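As structure tokens, the structure follows; a few thoughts come after it.
We number each residue from 1, following the sequence as shown. Owing to the predicted nature of the structure, the values given are computational and were not obtained by experimental measurement.
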Amino acid sequence: MKFSGLVASGKITPKIDLSTTQEYASALESGEERRSREAAVAAEEASAVTSTVGREALINVDLLDDSPFQYRKKYDPVKIAELAGSMLEAGQRTPITVRIVQAGRYEVIKGHSRKYAAKHGLIPQLSALVVERTDREAKLDCMLDNEVEGVCEYEHALMYRDALKDGYASNQSQVARLFRCSQPKVSNCLSMLDLPEPVLEMLDADPGLIGAKAAKVVTAMWKEQPSSHHLILEALARVQAGADQATIKGWVAQKLASIKNTEPKKLVRHFITTTTGDARYVTLAKERDIVIRLADTSLDRDEIHQKVDDFLRRLATEGGA
């Protein structure tokens, strides 16, 4: 049998020339040669990616990262599902905007909702406009895009605060012009940041918990009712569970009234004196009981008792108290 026949039948295995393998070639490379080769490959990949800047490109959804400057933390699952259905039926009408953050990955600047809708609808790719942006430019783009897409009032408050802090605007009027909204809206949203720390922590976890109007009510109650802070937090927890935020003040008032009604009644004491200031009688009232104590030892108990009875009978027959 020929050698080739033995190899084909599997009875012998030909020796591999290791010098022809990639592993052998890599082992012979010096550290400098390897770094040079890897840098050349990375540069080629980066060049391919950078060539898409300024153009629209189809990008795999798995390569899209959320922006660290995105103020919107929660997305309505119903609206995301509706958007996914629309994209599946009518396609993507406008491209999202992204910037390159590293070779092969992109950061979403505009279009976070469409990214989540694509994931929900198992849409593998999105059309994206690839742009060059510094961090400062990307942050401003994200903030202005949120104004269009719509975020809750607390998230607006955080955006407006950062617009002032980071120098995008120097006063509330400039913030209003930047975001193309009214100055009262800016003022109302920023006032939410005056909420007490425990409430701000709840909003950080659930930004849409309450709006600016309810926040003003909570801020005022917190200042006016320092002993009722625990009830205010309970009322907010009820809102978190589905109660209307407009019921916060009323619910706290009801709880306070309920507590007041269940508290033990205090003893009320009255001193009745003569014209000269000498103690004559002491009356004690607690809940439904009234006790008359004779402070003057010269008074006849039975006589006073009879006079009190006569007085109460007159009240009863006259329809008085």
*Ion pair Lys165/Asp162, N-O distance below 4.0 Å*: yes
*Are Lys307 and Glu303 close enough for a salt bridge, meaning some N to O gap below 4.0 Å?*
yes
Under 3.5 Å, is there a donor-acceptor pair between the [X] and [Y] side chains?
{"X": "Lys216", "Y": "Asn188", "value": "yes"}
{"X": "Gln306", "Y": "Asp302", "value": "no"}
{"X": "Tyr106", "Y": "Asn60", "value": "no"}

Under the 3.5 angstrom rule, does the side chain of [X] hit a backbone N or O of [Y] as a donor-acceptor pair?
{"X": "His270", "Y": "Val282", "answer": "no"}
{"X": "Asp244", "Y": "Thr247", "answer": "no"}
{"X": "Thr219", "Y": "Ala215", "answer": "yes"}
{"X": "Gln245", "Y": "Gly211", "answer": "yes"}
{"X": "Glu137", "Y": "Thr134", "answer": "yes"}
{"X": "Thr317", "Y": "Arg313", "answer": "yes"}
{"X": "Arg105", "Y": "Asp62", "answer": "yes"}

*Working for side chain to side chain contact (heavy atoms under 4.5 Å, CB included), residues Arg55 and Val130*: CA-CA 6 Å; Arg55 298 190 296 109; Val130 184; over 6 Å; no
*Between Tyr116 and Tyr75, what is the ring plane arrangement, given parallel below 30°, perpendicular above 60°, and tilted in between?*
tilted
Please report, to 0.1 Å, the donor-acceptor pairs under 3.5 Å made by any side chain of residues 82-99, with sequence neighbours excluded.
unit_1	atom_1	unit_2	atom_2	d
Gln92	OE1	Ser127	N	2.8
Gln92	NE2	Thr94	O	3.0
Gln92	NE2	Ser127	O	2.8
Thr94	OG1	Arg114	NH1	3.0
Arg99	NE	Glu107	OE2	2.9
Arg99	NH1	Arg133	O	2.9
Arg99	NH1	Asp135	OD1	3.1
Arg99	NH2	Glu107	OE2	3.1
Arg99	NH2	Asp135	OD1	2.8

To the nearest 0.5 Å, tell me how far [X] [atom1] sits from [Y] [atom2].
{"X": "Met159", "Y": "Gln70", "atom1": "CE", "atom2": "CD", "answer": "8.5 Å"}
{"X": "Ile232", "Y": "Met221", "atom1": "CD1", "atom2": "CE", "answer": "4.5 Å"}
{"X": "Leu140", "Y": "Asp145", "atom1": "CG", "atom2": "CG", "answer": "11.0 Å"}
{"X": "Leu284", "Y": "Asp289", "atom1": "CG", "atom2": "CG", "answer": "10.5 Å"}
{"X": "Arg72", "Y": "Asp66", "atom1": "CZ", "atom2": "CG", "answer": "11.5 Å"}
{"X": "Ile272", "Y": "Ile292", "atom1": "CD1", "atom2": "CD1", "answer": "7.5 Å"}

*Tell me whether the centres of the aromatic rings in Tyr160 and His156 are closer together than 6.0 Å.*
yes
Under a single-linkage definition using a 4.5 Å side-chain heavy-atom cutoff for Ile, Leu, Val, Met, Phe, Trp and Tyr, are [X] and [Y] assigned to the same hydrophobic cluster?
{"X": "Val108", "Y": "Leu58", "result": "no"}
{"X": "Tyr168", "Y": "Phe69", "result": "no"}
{"X": "Leu315", "Y": "Val308", "result": "yes"}

Taking the side chain as C-beta and beyond, is there a heavy-atom pair between [X] and [Y] under 4.5 Å?
{"X": "Pro124", "Y": "Val61", "result": "no"}
{"X": "Leu126", "Y": "Ile59", "result": "no"}
{"X": "Leu164", "Y": "Ser170", "result": "no"}
{"X": "Ser228", "Y": "Leu256", "result": "yes"}
{"X": "Tyr154", "Y": "Leu200", "result": "yes"}
{"X": "Met192", "Y": "Leu203", "result": "yes"}
{"X": "Lys139", "Y": "Tyr71", "result": "yes"}
{"X": "Val252", "Y": "Gln225", "result": "yes"}

*Verify side chain to side chain contact (heavy atoms under 4.5 Å, CB included) between Phe179 and Lys185, making sure each step is shown before the conclusion.*
CA-CA 11 Å; Phe179 287 92; Lys185 176 184 177 181; over 6 Å; no
Does [X], at its [atom1] atom, have more than 12 non-hydrogen atoms belonging to other residues, nucleotides or ligands within less than 6.0 Å?
{"X": "Arg136", "atom1": "CZ", "answer": "yes"}
{"X": "Leu299", "atom1": "CG", "answer": "yes"}
{"X": "His229", "atom1": "NE2", "answer": "yes"}

Mind listing the closest non-hydrogen atom pair of [X] and [Y] along with its distance?
{"X": "Cys152", "Y": "Gly208", "value": "SG-N, 3.9 Å"}
{"X": "Cys181", "Y": "Val186", "value": "SG-CG2, 3.7 Å"}
{"X": "Lys74", "Y": "Pro207", "value": "CD-CD, 4.5 Å"}
{"X": "Ala157", "Y": "Cys189", "value": "CB-O, 3.0 Å"}

*So which pairs with a foot in residues 272-284 pass side-chain hydrogen bond (donor to acceptor under 3.5 Å, both in side chains), sequence neighbours left out?*
Thr274-Thr276, Thr276-Asp278, Arg280-Asp296
*asked:* Checking Trp251 now: which residues fulfil ring-ring contact (aromatic ring centres under 6.0 Å, His included) with it, not counting sequence neighbours?
replied: none
